[in-house]
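First up is the structure itself, then whatever we jot down about it.
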Amino acid sequence: MNNHWLQGLNPAQREAVTYGAGPLLVVAGAGTGKTRTLACRVAHLIRNGTTPERILLLTFTRRAAAEMIRRAEELAACDATGRVWGGTFHATANRLLRHYGQAIDLPTDFTVIDEADAADLMNLIRNERGLGDRGRRFPRKQTLAAIYSRTVSAGDKLDAVLKRQFTWCLHEFDAIAEIFVEYTRRKREANVLDYDDLLLAWRTLCESAGAGETVAGRFDHVLVDEYQDTNRVQSDILRALRRSNRNIMVVGDDAQSIYSFRAATIRNILDFPDQFPGTHIVKLEENYRSTQTILDAANSVMAPARERFTKSLWSSRPSRHKASLVTCLDEAEQCRIVCERLLRHLERGVPLMRQAVLFRAGHHSDQLEVELARRKIPFHKFGGLKFIEAAHIKDMIAILRILENPGDEISWFRVLLLLPGIGAKTAGRIMGELGVRGGGDGGAPPAKENGERHRRPRAASVTTPLKRMIDAPPRPPADARRAFEDLRATLKDCSTQPAPPIVSQIERICEFYRPLFEARYDNHPMRLRDLEQLEQIAGRYRSRGSFITDLTLDPPTSTSELAGAPYLDEDWLTLSTIHSAKGCEWQVVHILHVADGMIPSDMALVDDEGAEEERRLLYVAMTRAKDDLYLYFPLRYYHRKHAAGDAHSYAQLSRFLTPDVRRHLHEQGAVIEALATGPRAGSIRAMDEKTNRQWMPDAN
DNA sequence: CATTTATAAATTTTT
DNA sequence: TTTATAAATG
């Protein structure tokens, strides 16, 4: 047989690609050709007789799966697209549960809610119970959602999680537990699954007696990428999934685990050989990406960390020069220097496509984005706030979700609150009358039954809240009549039989939503474009249900903020959070804000583990670079709270850039150069020069 | 009494 | 820019 897909693989990669049956753990350092190895293995399996449909490839993003399958298909010279099962754990769970959900009594027409929706439901329950009142310091809705998610994903007890991660909430243990019980009940009633439910239900399905075997039996081979960033539930799923055969390959790097906030645990990768006895381990240590000097710098950052799978990454790429540490006066100078560097590399023939600017938190690039726009440098931003999280998009989707799943309490509530004259109380009453379950029982004051108006449904089994809304709507308060009637007409127009095309539904909803939205937001022209974009995306879908699900499971990640006219057509720069940069590489990488408080983030420093993860984060960022790496350190940060003032504080260089690390860096920057050539900052001469400037007329 | 408006405060990373 | 609380309004 022609083994051409094995050409150009090194011995370790080849071993991983051609390994036979049984558990295989591939420890793959940064840039060691992990994607290629996975793609080749898929190709190898197919060429050796495995049916594509019987391969399951689990990756961190849908994009990564699509890319790998495309490459495998190319290598194996076959059509594997849409045949190999590929995607995220969550997307795969969704697919399987739609199929086999009945086996665990799960209605298969559930809708999926994101974390913000989950938080809203938590909030609803909290307010019903009056738990946030009386000035008690009670966790906010997002905190509640975070605690919940962490608890179920890690499979820990609530009190353990609170003790370890949320100590300040410990005194509210009972109330929190109560909210969580009710939260689960309400999700089931509304027939919605949150992100964690998808995994939990998949695990339940896999572990169930009959259907579990069927699901496991569907796949001859399971391959998992980024295994260091999976959680307990996910590893349970894998174990249950491999009950009929033990063909499983996991690939990961414990030095790159950066998702512990999502309850990912490196125990999964470390304990894999114990969970799957007889595991064969292959280490990929030759780095094809970076120059040796960049690797030296990155390795020195990791040196103090205790890495369990010891690897020694090496590169045969010649090292032209060291990575740079650029000290800047302040953030404005950082922006300026980044832009200059970008353009200098561009002039020397490195297109923007091969350059990236990375940062810890989404808002760290705010100033730079303004500067890029000013200079008309086009860019796409990945990570940070997403399209789907904008309030006006959520409003639109909520209406679609009501149409799709009339029991969806969260969406009803959100939509009713949009109507002027309707607040939380009225919305609750209307929902009660529509028969949307929720606040009905469980210790909460029952929704007021305004006796004469409350309709008792004759045929509750066929009447949904949506039908009731259309045929026998509750009476809204007088000042909300008009808007309420509008909503009713909209819902009616969108739910005719046969259902209108999804784009027409969105158009119709927009018509209803437009006036409300213009009254609500002052920057509506900008937001209006988002609505148009939503409509555009919807055009690619035939089913409303899959549109909504895809939007929550795989939301558009890049805000294509095309700064100005595309001067340098088709070429654009990548701005990305470090998390979203995982698995990517660029010729030139710029890392912003390498200062204590940013990397490591202050928020992460509650415990040692958090600090270590920040270290890995910096490591991940640095190892994205192939040829040139710049770390930027602004000395001063202005406090923007008092908008006018120039109050500022001085930053500390990131604690990870120890003297040992700095030996591998070339230090430069205006400040350094000024110090080298001009008078020392602390000298008498410098003082006099500064004073002398006071006699001079102001340049501005 | 419920809703709207005003004011103050806080703000990581993502499926 | 969003979110919780307090005051004002209908």
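Letters go in sequence order (proteins before strands), and every chain restarts at 1.
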(message) Over all strands shown, is A:Pro477 touching base, sugar-phosphate only, or nothing at heavy-atom distances under 4.0 angstrom?
(response) nothing
(message) Which nucleotide, if any, forms a Watson-Crick or G-U wobble pair with B:dT11, using both distances under 3.5 Å?
(response) none
(request) Assess whether atom CZ of A:Arg514 is packed by more than 12 heavy atoms of other residues, nucleotides or ligands within 6.0 Å. (result) no
(message) Using the side-chain heavy atoms of A:Arg140, tell me which of these nucleotides is nearest: B:dT14, C:dT3, B:dA2.
(response) C:dT3
(message) Counting the atoms with a prime plus P, OP1 and OP2 as sugar-phosphate, which does A:Ala424 contact under 4.0 Å by heavy atoms, base, sugar-phosphate, or nothing?
(response) sugar-phosphate
(message) With a 4.0 Å cutoff (strictly under), does any side-chain N or O of A:Thr577 reach OP1 or OP2 of B:dT14?
(response) yes
(request) Identify, between A:Ser601 and A:Gly421, the residue whose nearest nucleotide on DNA chain B lies closer to the 5' end. (result) A:Gly421
(request) Specify the separation, in whole Å, of atom CG of A:Leu416 and atom P of B:dT4. (result) 12 Å
(message) What is the distance, to the nearest angstrom, from the CZ atom on A:Arg414 to the C1' atom on C:dT3?
(response) 13 Å
(request) Output yes when A:Arg475 and A:Glu433 qualify as a salt bridge under the 4.0 Å nitrogen-oxygen rule, no when they do not. (result) no
(message) Between B:dT13 and A:Phe261, is there a base-stacking contact, meaning the centre of the base's six-membered ring lies under 5.5 Å from the residue's ring centre while the planes stay under 30° apart?
(response) yes
(message) Expressed as a whole number of angstroms, how long is the span from A:Leu199:CG to B:dT14:C1'?
(response) 13 Å
(request) Specify the residue among A:His90 and A:Pro420 whose closest nucleotide of DNA chain B lies further upstream toward the 5′ end. (result) A:Pro420
(request) Mind checking A:Ser580 for me? I need base, sugar-phosphate or nothing, with any heavy atom below 4.0 Å counting as a touch. (result) sugar-phosphate
(request) Select one nucleotide: of B:dT14, B:dT13, B:dA10, the one nearest the side-chain heavy atoms of A:Arg360. (result) B:dT13
(message) Between C1' on C:dT3 and CG on A:Leu144, what's the gap in Å once rounded to a whole number?
(response) 14 Å
(request) From the options B:dT12, B:dT15, B:dT14, select the nucleotide whose nearest atom is closest to the side chain of A:His579. (result) B:dT14
(request) Identify whether NZ of Lys or CZ of Arg in A:Arg98 sits under 6.0 Å from the centre of the six-membered ring of A:Phe110 and within 45° of that ring's axis. (result) yes
(request) Test A:Tyr632 against A:His593 for ring pair (Phe, Tyr, Trp, His ring centres under 6.0 Å), laying out the working first. (result) CA-CA 6 Å; A:Tyr632 297 86; A:His593 297 295; 9.5 Å; no
(message) Rounded to whole Å, how long is the line connecting atom CG of A:Asn123 with atom C1' of C:dT3?
(response) 9 Å
(request) Grab the CG-C1' distance between A:Asp395 and C:dT2 for me, whole Å please. (result) 14 Å
(request) Step by step, work out the salt bridge (charged side-chain N to carboxylate O under 4.0 Å, His left out) result for A:Arg62 and A:Asp550. (result) CA-CA 10 Å; A:Arg62 197 174 283 205; A:Asp550 267 21; 3.5 Å; yes
(request) Determine the contact category for A:Glu613: base if any of its heavy atoms lies under 4.0 Å from a base atom, sugar-phosphate if only primed atoms, P, OP1 or OP2 are that close, otherwise nothing. (result) nothing
(message) With no hydrogens and no angle check, just 3.5 Å: does a side-chain donor-acceptor pair link A:Thr111 and A:Asn405?
(response) yes
(request) In whole angstrom, give the distance that lies between atom CZ of A:Phe60 and atom C1' of B:dT14. (result) 7 Å
(request) Could you state the atom-to-atom distance from CD1 of A:Ile388 to C1' of B:dT14 in whole Å? (result) 13 Å
(message) Base, sugar-phosphate or nothing for A:Phe89? Non-hydrogen atoms, less than 4.0 Å.
(response) nothing
